[in-house]
*Asks:* 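Please read through the structure below; I'll follow up with questions.
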Amino acid sequence: MWRAVAKDGTASALGSWTVGRGEYRGQKMVLEGSTALRPGQIDRIELVDTGGRVLVTARP
């Protein structure tokens, strides 16, 4: 799952997908999503695994 995390710490899911181990072999992947948060409210975007572990964080 990927999510937007607001400056107050609340998280809003942007989208999710499931890919089995070794199934994705493409050169490019595009994910689209949306959130009710306004751009100024977003502290960071996170990619999270099914166990809740943050894999990647990006800040605007």
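Worth knowing before you read on, the calculation uses all heavy atoms, side chains too, and leaves out hydrogens, waters and symmetry mates.
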*Asks:* Name all residues meeting the salt bridge (Lys or Arg N to Asp or Glu O under 4.0 Å) criterion together with R38; count only those two or more places apart in sequence or in a different chain, and write none if there are none.
*Replies:*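 Result, salt bridge (Lys or Arg N to Asp or Glu O under 4.0 Å) vs R38: none returned.
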*Asks:* Once rounded to the nearest 0.5 Å, what's the spacing between atom CZ of R3 and atom OG1 of T10?
*Replies:*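 Result: 11.0 Å between the selected atoms.
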*Asks:* Check side chain to side chain contact (heavy atoms under 4.5 Å, CB included) between R53 and all other residues, then give those that pass, not counting sequence neighbours.
*Replies:*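 D49, L55.
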*Asks:* Can you get from W2 to V5 by hopping between Ile, Leu, Val, Met, Phe, Trp and Tyr side chains that sit under 4.5 Å apart?
*Replies:*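 Per the 4.5 Å side-chain linkage, W2 and V5 are not co-clustered.
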*Asks:* Closest heavy-atom contact between A36 and S12?
*Replies:* N-OG, 4.3 Å
*Asks:* Who else is in the cluster with V48 when I, L, V, M, F, W and Y are joined by side-chain contacts under 4.5 Å?
*Replies:*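 Members other than V48 - counting any ILVMFWY side chain reachable under 4.5 Å - are V54.
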*Asks:* Would you compute the distance between atom NZ of K7 and atom CG of D43 and round it to the nearest 0.5 angstrom?
*Replies:*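 Rounded to the nearest 0.5 Å, the NZ-CG separation comes to 7.5 Å.
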*Asks:* Would you say L47 ends up clustered with I45 if hydrophobic residues are merged whenever their side chains have heavy atoms under 4.5 Å apart, either directly or through other cluster members?
*Replies:*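 Per the 4.5 Å side-chain linkage, I45 and L47 are co-clustered.
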